[in-house]
Amino acid sequence: MTNSTFSALKRTDFKKRLATENYDVLIIGGGITGAGAALDATTRGLKTAMVEMKDFGWGTSSRSTKLIHGGLRYLKQLEIQLVREVGMERAVVHRNARHVVIAEKMVLPIVEGGSLSKIMSSIALKVYDFLAGVESDERRVMLSKEETEAAEPLVRKDILKGGGLYYEYRSDDARLTIENTKTAVANGADCLNYVEVTGYIYEKGRVVGVEIKDHISGENFQIRAKKVINATGPWVDKLREKDTDKVSGKRLHLTKGVHLVVPREKLPIKQAVYFDVLEDGRMMFAIPRGRVTYIGTSDTNYGKDAKIERPITGMSDVTYILKAVNYMFPTVNLEPNDVISTWAGLRPLIHEDGKDPSELSRKDEVFYSKTGLVSIAGGKLTGYRKMAERIIDVVVKQLKAEQPNEYNDIKECQTANLQLMGGQFESQEAVEKFITQRTGEVSQIGLKQSHIIDLVEKYGTETDKIIEKAFDLYQSIQDAEKRLHVAELWYAINYEMTNNLDDYLIRRSGRLYFERDTLAKWYPFIADEMAKILNWLESDKQQYLANFKNEYEEVVAFKKEMALV
Ligand code: FAD
């Protein structure tokens, strides 16, 4: 079934196929929704293509809180069906991608003036576990004030009444997106980044394909498909506007959410904490990850005229988040200068008149155009597989009605029990055994357990390819860290369609967000290595370096605002 390895060096092959095949389904947008839909469609036996205008996961799907969670707070809004569906999906997504969806203990401090009383928290967490069908060893435990203090000594004590301990899953949104995309490609889909849909092709008033602009070669070409799905997240209305049947009825409502990253020692919580923001009745997460802790999120309306392409973290976002953290953890005294990185993302929510950002439903919605274009928006990272199932059900039904002879054998959704690339582990113990075994092997080439954990949490069983490459490089590169960097980069280019520094340092490896403080000494070296593998001219390298430097500066651009105050 495999078309070819998902290598940036084979980009031309992918493009050729896209320009010449006639697909059953073409998906626009390479976020988690598009990637999930591509995997669902191809594994049912549909000839599938997916195109992304920038990089896979470049939109909202690399800028979320990175949790696979049921959304405890949606219970308060009585969104029972939503909590049930995403709650149940947590276990499915974890089972299919154990390397990148990892159980995380959460403490929920119950405080005076908080959104839930002790009794209501207990009931809410119990309902949450029940709706999500949580296994007995991961069910919630209620804590006394003293037990909560022991679980999280940094939490504010004067208003503390008790707490709850429960489980969610932490993930990496961009990695989950690329794992879905790789698995779709391995199952026959043609997926490509840096190809933008600029318009539609019509026959007898129906959409039969799209116009494409390739942002790497500059070429324009067309892709033909019987069904076209618009899964462009915050851009869904823009893509609907390009259709001859203009947007009517429901529209998107974009809200911005910001996360701040601080060194772990500045906010040394023992586990993730989900806490009240007393000022406005919202809730916020603080999540430890490796050497850092990240905190978020805010939720503010994103003005219609603001640029979707560039949501950035402003000083007011930083002030809001730090104020909430410093109140709930009164000894930490975080300051703007402690922030080492940030990200800002846009929620593609469905507009409801008169509602505040945090009150808008997180449900997904399908939009139908008279031209046959179908669009899907809203939803959550956690529920992506179900969203994909819903939208592919829609197009399968249409194809069956239009051409019964050709499509009657198309299968039902196959993804509930489909392990993603790198996720071939039967249990958590199997992940741990894998880590222990590989740690033993790589000690010969100067690598440690921490290196292996880092690799496994990104690439899962595919880590073996990187280790093998690191062994191959043993003679030619003396320094163990450098060798590992080159091996990982080699994998990202040859197996994950990585085209430039941004793809690698932001979305494939998450380094800009989580290791920005040590990145300055590495990224020029990585650019040199990338130039060798991808045969860049010096001018290409300088351009890609400049692009990355821009991103590197922009995540802390709020510090410039600070200087002006
Ligand atoms: P996107 O990821 O934005 O993907 C759309 C893609 O379409 C983009 O990559 C874009 O480049 C591409 N595109 C646009 N126009 C074109 C074109 N013309 N041609 C080709 N491609 C195009 N959910 C959770 O479950 N857990 C969380 O912890 C969580 N936290 C969140 C925190 C924040 C701050 C935000 C903003 C969201 C959060 N969410 C969370 C929600 C979740 O992140 C989103 O629902 C999800 O990522 C949306 O994915 P998407 O694929 O629909 O959109």
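Read the numbers this way: they start at 1 and go in the same order the structure lists the ligands and their atoms. Since the structure is predicted, the reported quantities are computational estimates derived from the model, not experimental observations.
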Before we go on, tell me: are the rings of [X] and [Y] under 6.0 Å apart, centre to centre?
X    : Y    : value
F6   : F56  : yes
W58  : Y194 : no
Y459 : Y495 : no

Proximity flag D173 to ligand 1, non-hydrogen atoms under 4.0 Å: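 No, D173 has no heavy atom closer than 4.0 Å to ligand 1.
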Non-hydrogen atom of M387 closer than 4.0 Å to ligand 1: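 Heavy atoms of M387 never come under 4.0 Å of ligand 1.
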Counting heavy atoms only, which part of [X] comes closer than 4.0 Å to ligand 1: side chain, backbone, both or neither?
X    : value
H259 : side chain
V258 : neither
T297 : side chain
T65  : both

Protein heavy atom at shortest distance from atom 41 (C) of ligand 1: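 The closest heavy atom on the protein side is L381 N, 4.0 Å.
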Nearest-neighbour protein heavy atom for atom 8 (C) of ligand 1, which is reported as residue plus atom name and distance: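 Atom 8 (C) of ligand 1 sits closest to the protein heavy atom E52 OE1, 3.4 Å.
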Spatial distance of atom NZ (K66) from atom CH2 (W343) [nearest 0.5 Å]: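 Atom-to-atom, K66:NZ and W343:CH2 are 5.0 Å apart.
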